[in-house]
Number of protein chains: 2
Amino acid sequence: MSPTPARTSRARVVDAARALLEEGGPEAVTMAAVAQRVGVRAPSLYKHIRDRAALLDAVAIDAAEELGRTMTVTSAGAGADPGSRIAALAVAYRAFARRSPRSAAVLFADLGHGTGAPVEVAARAAAPVIDAAALLVGPEAALAAARVLTSFVYGFTTMEQAGAFQLGGSVDDAFRLGVESLVRGLAAADHGMRVGDGRLNPPA
Amino acid sequence: MSPTPARTSRARVVDAARALLEEGGPEAVTMAAVAQRVGVRAPSLYKHIRDRAALLDAVAIDAAEELGRTMTVTSAGAGADPGSRIAALAVAYRAFARRSPRSAAVLFADLGHGTGAPVEVAARAAAPVIDAAALLVGPEAALAAARVLTSFVYGFTTMEQAGAFQLGGSVDDAFRLGVESLVRGLAAADHGMRVGDGRLNPPA
DNA sequence: ACCTGAACACCGTTCAAGT
DNA sequence: ACCTGAACACCGTTCAAGT
């Protein structure tokens, strides 16, 4: 008679998958385990998502959106100094990577063959970094500087979570050293394009 | 009668697995596909490796060893200037990441739950970086500086290979900017521990 | 000592049948 | 319109039997 109402939803399915990812890594994200978490049988999931690959993509997008919100909030609450804005964003990313290490590891691991949507979401998460970088090095070099900063923070947190820093020493100090050195070095770098009133001037 | 001689070997199996990884990603590394490549049936592989997880670990170790050799050779062939040594190592890593993108992506992705051996191998690949960092910032800060440099290069190449840099601009320029800024910033950083003849002096 | 076919458990996915 | 059991193909792994 009346069609049965949905017993779950795409959002619940994605949440369950993300929780399983964090608890046991990608291999723990089986369709049966996800289904059990949302109180349904595995075949029902296909009414909400195309297949397992799309589910993992959705998890990555979900994590990227959360990261984007965190970065935006952090940016809004930071002071005017470019260096401290960048440091605040770096610390915020590191906190995210600690809260959701497996999601963070998966953030930039796949993008290539995805639906294309992740790229937009990642761009939104990157926007506050580009803004802060622009304050430090000017608009022309902002994108390159943001790539540099993002690479360092992503690389550092990924290696840290993977347990790659096992030779002793303070990992916190190394992180601070990296952020400070980058801020200093980027500010000092010759971007070869700002002269006088800021109009573009190509390098010789 | 006479026991049959081995029709394949652990090394061949690992090579086949690594080739499959590069061609189709981790999901392409099935026991059947590996077996077919070395001319054997899937069950025979278990005479050479414990299981699929151990096989993937062995692939990562194999890649890390190759990287270690590349870094050592690069280090031996580089000049005396700390900055150009570091730049040469960074370029060598990036070339490795282009030759073997999936192996590179997997290098620091798992270490945590592995056999423990990968850590030693990774340490060997990192040694030339620590040496070069010591020339730049002194022995006390060398480990931290090496972590910073490695994080940037690993993060940058991983994101680059994942297709994360899609907002235009020169990716090569960004890489150069990162290396140069780090070298400059690390050299300028206050490590709070070198005074006069280099004896350790804690920060105030 | 290594290789094999057969077998088993598990997983992703499809589909006809239920409500 | 969503949910389900049954079924299928595929995969990792074990094991007894071959040489």
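Chain naming here is simple, since letters A, B, ... match the order of the sequence lines and numbering starts at 1 in each.
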Trainee: To the nearest 0.5 Å, what is the distance between OG1 on A/T150 and CG on A/L143?
Mentor: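 Here the interatomic distance stands at 9.5 Å.
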
Trainee: Working to the nearest 0.5 angstrom, can you tell me the gap between B/D62 CG and B/S103 OG?
Mentor: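 Going from CG on B/D62 over to OG on B/S103, the span is 8.0 Å.
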
Trainee: Which nucleotide in the set C/dG5, C/dC2, D/dT4 lies at the smallest distance from any side-chain heavy atom of B/K47?
Mentor: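 Of C/dG5, C/dC2, D/dT4, C/dC2 is nearest to the side chain of B/K47.
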
Trainee: Look at A/S44 and D/dT4 and indicate whether a side-chain polar atom (N or O) is within less than 4.0 Å of OP1 or OP2.
Mentor: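 Yes, within the criterion.
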
Trainee: For B/H48 and C/dC2, give me the distance from atom NE2 to atom P, rounded to whole Å.
Mentor: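 Going from B/H48 (NE2) to C/dC2 (P), I get 6 Å.
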
Trainee: Could you provide the dot-bracket string of DNA chain D, using ( ) for intrastrand pairs, [ ] for crossing pairs and | for bases paired to another strand, with Watson-Crick or G-U pairs below 3.5 Å?
Mentor: ||.|||||...|||||.||

Trainee: Can you tell which of D/dT4, C/dG5, C/dC3 lies closest to the side chain of A/R7?
Mentor: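 Nearest nucleotide to the side chain: D/dT4.
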
Trainee: Let me know the distance between CD of B/Q36 and P of D/dC10, rounded to the nearest Å.
Mentor: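 Between P of D/dC10 and CD of B/Q36: 14 Å.
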
Trainee: Is the B/Y93 ring parallel, tilted or perpendicular to the B/Y154 ring (thresholds 30°, 60°)?
Mentor: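 Ring orientation of B/Y93 relative to B/Y154: perpendicular.
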
Trainee: At their closest point, which heavy atom of A/L89 faces which heavy atom of A/A132, and how far apart are they?
Mentor: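 The answer is CD1-CB, 4.0 Å.
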
Trainee: Going 5' to 3' along nucleotides 11-18 of chain C, which nucleotides have protein heavy atoms under 4.0 Å from the base (write B), which only from the sugar-phosphate (write S), and which from neither (write -)?
Mentor: -SBBB---

Trainee: Please determine whether a side-chain nitrogen of the Lys or Arg among A/E160 and A/R98 lies less than 4.0 Å from a carboxylate oxygen of the Asp or Glu.
Mentor: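 Salt bridge present between A/E160 and A/R98.
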
Trainee: Using a 6.0 Å cut-off, check whether atom CZ of A/R41 has over 12 heavy atoms from anything other than its own residue.
Mentor: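 Atom CZ in A/R41 is not packed in, count stays at 12 or less.
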
Trainee: Step by step, would you call A/R147 with B/D173 a salt bridge (charged side-chain N to carboxylate O under 4.0 Å, His left out)?
Mentor: CA-CA 10 Å; A/R147 282 172 173 162; B/D173 283 354; over 6 Å; no

Trainee: Once you round to the nearest 0.5 Å, how far does CG of A/L186 lie from CG of B/L182?
Mentor: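 Spacing of CG (A/L186) from CG (B/L182) equals 7.5 Å.
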
